[in-house]
Every structure is written in C-alpha cells, then in structure tokens.
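See structure below.
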Protein chains: 2
Amino acid sequence: MVSETATEQRRPSRGERTRQALMNAALDQVDRKGSFSGLSLRQVARRAGVVPTAFYRHFPDMDALGLALVDSSFRALRQLMRETRRAGMPEKQVVRESVATYVRYVRANPRHFRFVVKERFSGSPAIRDAIRREIRLFVSELATDLSRFPLFDRISSDDLRMIAGLTVNNMTAVTEQILELPDDDQEEEVLVLREAEQQLRVILLGAMQWKSRE
Amino acid sequence: MVSETATEQRRPSRGERTRQALMNAALDQVDRKGSFSGLSLRQVARRAGVVPTAFYRHFPDMDALGLALVDSSFRALRQLMRETRRAGMPEKQVVRESVATYVRYVRANPRHFRFVVKERFSGSPAIRDAIRREIRLFVSELATDLSRFPLFDRISSDDLRMIAGLTVNNMTAVTEQILELPDDDQEEEVLVLREAEQQLRVILLGAMQWKSRE
DNA sequence: ATTACATGTCAACACCCGTACACAAAAGAT
DNA sequence: ATCTTTTGTGTACGGGTGTTGACATGTAAT
C-alpha cells in the first residue's frame, strides 16, 4: 500500500536503492567506528544488508565509495551556499547570520561533515585530493561572493582569495569543534558559536584595514 | 669502536632503544602508508626489526604507542616555542620571522607533524583527546605571549584567547598545506609562506581594531 | 512467455591480524 | 659466579579481510 500519487519522485531502481544503502551504511559506520579508512568492505556490506560480493556491483572498491561520499557531501553544501546567497542578508548582521546558518547546517548533517573532516588528511590519496579540490573551489566561490560587497572594493582579487582562505580555514576549525560536541549540549554550542562570530569579526576588521599593494 | 668520551649521554638501555625503534618505525610507516590508525602492530614490529610479541614489552597496545608519539611531538614543539620566546623578536618583523621559523620547523620534522595532523580527527578517541588537549594548551601559551605586547593592552584575556585561537586555527591549516607539498618544491613553499604571512597580518590588523566589551 | 540484463548469493582461497603461552637469551644485581 | 629481572623468540589459535568464479534470482523489454 504505497501511495505514489502525491510525489513526482520515481521509485528508484533496486540498484540505486542498494547503492544508497551502501553509502548510508558507510556514513553510519564512520560515526560508530573511527574512520572511513578503517572500514572494511565486508562491514559496510553487512550493515547495508547485502552479501560482500554484491558490493562490487556498485563500486569497484572502497575508494570509489569514498569518492561518491565526498561528492554528495559537497553537493549539499554548495546548494546551501547558493540558497543563502539568493536569500540575501540583513546587511547589518551578515556575520551573525552566516555563522548561525552554517552551524545549524553542520549540526543537521553531522555524518557527512564528520566523514569529510576525518578523511581530509587521513584518507587515501584519491579521497584527500577530491576533498582538497572541493575546498579550493569553495574558497573561490566565497571570494567572488565577498567581491560583491562594496566594503571590499579596494582589495585585489588575489587578496580577496587570501582573505576567503583565512575565513574558510577558521570555519573549518569551527566545524571540527562542533562535531566533537555531544549531541545535546546546547550550552557549549552557544560558546563555540559566539567565539566563531568574534573570530570572523576580527577577520572582517582586519580586511577593512587591508590595503592591497598596487 | 664507539667513542663515548665527548658526550655526557648515557648509552640507552636495550629496552629504551627498541622502544624508540618502535616509535620511529611507526612514524616511518605513517609517512609511507596512510595513517597511524591504519597501521598494524605487526607492521610496526617488523619495521622495528623485532618479533610481534616483543611489542608488548614496551606498550600494551597501539593506542599507547600513539599517545607516546603525541607526547614527543608536542614536547619538541613546546621547546621551539620556548627558545623563540627567549630569543625575542626584531619587533618590526614579528609576523615574518614567526611564520618563517615555524614553517622551517615543520619542514624539518615532517613525520611528527604528519602524524599529528592525520590522527587529530581520525585517530582513536584517546589519541584525539590527547592532541586536542595539547592544542588547547598551545593556544593558552600563545595567548599569554600575546598579552606581553603593548599593542594588545586594551584586549581582555578572554578575547586574547579568542584571537590566539584564530591564529592557531589558521597556522594549523597552513601546516597541513605545507605537509602536502612535495619535499623539494621551494617555489610553492614560498607562496604558501607568503599567504600565511598575509593572513596573520590581517588577523593582526583586526586585533588592533578590536575593542573588548567592558 | 521468452529473452536479456542487472543484481544478489554462495563457497572457497590465501592472507594478515591480535594475542596467549612457554621458553631462550641478555643485562644487572648480589 | 649465581640469581633475578628484563627483553626478545617461536609457535599456535581463532577470526576478519579482499577477491575469485560459478550460479541463482529478480526485473524489464520484446
């Protein structure tokens, strides 16, 4: 008795479904056990409710699964960024609102972020590379976003990239702090959030004073 | 024919020597293979030139070895910091000199830093905790160092910690970039170094504008 | 209903793993 | 020189791993 009327979503094929099940299983295991690199193909298959050899129908090896996870993680993040950009900001509270939105998003999707944070440096070369590429791309997008603010008119695009990099470096660290927090600790979360705001404000102050060499 | 006259160093006991050999072997393997968490007790023992069961004479398990590595890594870093602090700085070029010293040090001890960077988020809980503790301690020390500059007179100690945290967050990211560089690429290294300088300068500018709430 | 393809299962393989135990060698103390 | 402690060796065990090839089942198209 599955109602198929309201949604225009097609029922995904069996293949798609277990492919997703495998990716989901991997994310779950990363939460439970240490890291993706430490997972075994068999564990993932088992949790996905599938026999080990079935794994190969969807991915040639664990590395490929990892790359798929990197992709889906950043795809979601990019969408958030696009939406936020489109919505615009109350001008006066860009910092507060941006930080709040981001932190809320991280807390809503802890598994993907945990995966990325953990594999960024300890994963296989292929996965590390993919993540690094995505982050570079993210910095670029942020730089062009910043260039739209009149505040930064006098800053060269190279320097804007540098400042965007600084921002992302710090937000990355904040992400990691948030993920280490216990799930329910609202109190600590507020502290981390406030510190992140202040740090961004310091960067903002510094950027406003910055004079690009001509 | 070992000359023992010049140095006052005692010949370390056999136990100490293989203990060191084990730690060394682990660091080497981290460089070669992916991460410490991915190493097996047997691999480490093999590379240290010792039978697997001998491992237990020195560490109860791999986690203990990891903790020992965390300790030795940060002990060295703290010493560098102490020396630098004692030496003082040419005032005018604090940023440039600090960054240069640090980067030189990272490049001189890549194995320890790589270990820390990789295990910081993907290691076992015990190791992650130890690293986090050390970094927090490092931030504190930096904050009190900063408090000695007249520039920061008007900043509360809480805010100084916040700024120190920002600095460390960014230098951490720089560390990671440097470690990803190929060993011989002087050119890229200069770029990373310059960007790091600029970023620290932005933070410095921002900090100078910062007014602590009373 | 038959055919073709996609997906999943089963059994087996050779390998590496952590660890327990009993024993041998080396180092240090008396 | 003898005894004790520390350190290293050899063997063995049960268990998890990735990957193989041949086979079964489901699913969609003709």
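Scope of the values below: all heavy atoms of this structure, side chains included, with no hydrogens, waters or symmetry mates. Below, chain A is the first sequence line, B the second, and so on; all start at residue 1.
A donor and an acceptor atom, one from each side chain of A:Tyr102 and A:Thr175, are located under 3.5 Å apart.
Rounded to an integer number of Å, the gap from CZ of B:Arg19 to P of D:dG8 is 12 Å. In this structure, the CG atom of B:Leu22 is 12 Å from the C1' atom of D:dG8, given to the nearest Å. The CG atom of B:Asp63 sits 13 Å away from the P atom of C:dG18 (whole-angstrom rounding). Remark: P of C:dC17 and CZ of B:Phe55 are 13 Å apart, rounded to the nearest angstrom. Atom CZ of A:Phe59 is separated from atom P of C:dG8 by 12 Å (rounded to the nearest Å).
Taking side-chain N and O atoms only, B:Thr18 has a distance below 4.0 Å to OP1 or OP2 of D:dG8. Within the structure, a side-chain polar atom (N or O) of A:His58 is placed less than 4.0 Å from OP1 or OP2 of C:dG8.
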- [ ] For the pair A:Glu119 and A:Ser37, evaluate side-chain hydrogen bond (donor to acceptor under 3.5 Å, both in side chains) and give the outcome as yes or no after the intermediate values.
- [x] CA-CA 7 Å; A:Glu119 296 311 303; A:Ser37 354; 2.7 Å; yes
Distance-only donor-acceptor pairs under 3.5 Å for side chains of residues 189-203 of chain A, two or more places apart:
{"unit_1": "A:Glu189", "atom_1": "OE1", "unit_2": "A:Arg107", "atom_2": "NH1", "d": "2.5"}
{"unit_1": "A:Glu197", "atom_1": "OE1", "unit_2": "A:Arg201", "atom_2": "NH2", "d": "3.4"}
{"unit_1": "A:Gln199", "atom_1": "OE1", "unit_2": "A:Asn170", "atom_2": "ND2", "d": "3.0"}
{"unit_1": "A:Gln199", "atom_1": "NE2", "unit_2": "B:Met162", "atom_2": "O", "d": "3.1"}

I'd like a table of donor-acceptor pairs (distance under 3.5 Å, sequence neighbours excluded) in which one partner is a side-chain atom from residues 125-137 of chain A, with atom names and distances.
{"unit_1": "A:Asp129", "atom_1": "OD1", "unit_2": "A:Arg132", "atom_2": "NH2", "d": "3.1"}
{"unit_1": "A:Glu134", "atom_1": "OE1", "unit_2": "A:Arg78", "atom_2": "NH1", "d": "2.8"}

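Taking every heavy atom of both residues into account, A:Tyr105 and A:Leu77 meet most closely at OH-N, 3.6 Å.
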Provide a list of protein-nucleic acid N or O atom pairs under 3.5 angstrom, restricted to nucleotides 16-22 of chain D.
{"unit_1": "D:dT17", "atom_1": "OP1", "unit_2": "A:Ser40", "atom_2": "OG", "d": "2.6"}
{"unit_1": "D:dT17", "atom_1": "OP1", "unit_2": "A:Gln43", "atom_2": "NE2", "d": "3.1"}
{"unit_1": "D:dT17", "atom_1": "OP2", "unit_2": "A:Arg46", "atom_2": "NH2", "d": "2.9"}
{"unit_1": "D:dG18", "atom_1": "OP1", "unit_2": "A:Leu41", "atom_2": "N", "d": "2.8"}
{"unit_1": "D:dG18", "atom_1": "OP2", "unit_2": "A:Leu41", "atom_2": "N", "d": "3.4"}
{"unit_1": "D:dG18", "atom_1": "OP2", "unit_2": "A:Arg42", "atom_2": "N", "d": "3.1"}
{"unit_1": "D:dG18", "atom_1": "N7", "unit_2": "A:Arg42", "atom_2": "NH1", "d": "2.3"}
{"unit_1": "D:dG18", "atom_1": "O6", "unit_2": "A:Arg42", "atom_2": "NH1", "d": "3.1"}
{"unit_1": "D:dT19", "atom_1": "OP2", "unit_2": "A:Tyr56", "atom_2": "OH", "d": "2.7"}
{"unit_1": "D:dT19", "atom_1": "O5'", "unit_2": "A:Tyr56", "atom_2": "OH", "d": "3.3"}

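Considering only heavy atoms from C-beta on, A:Leu80 comes within 4.5 Å of A:Thr101 through its side chain.
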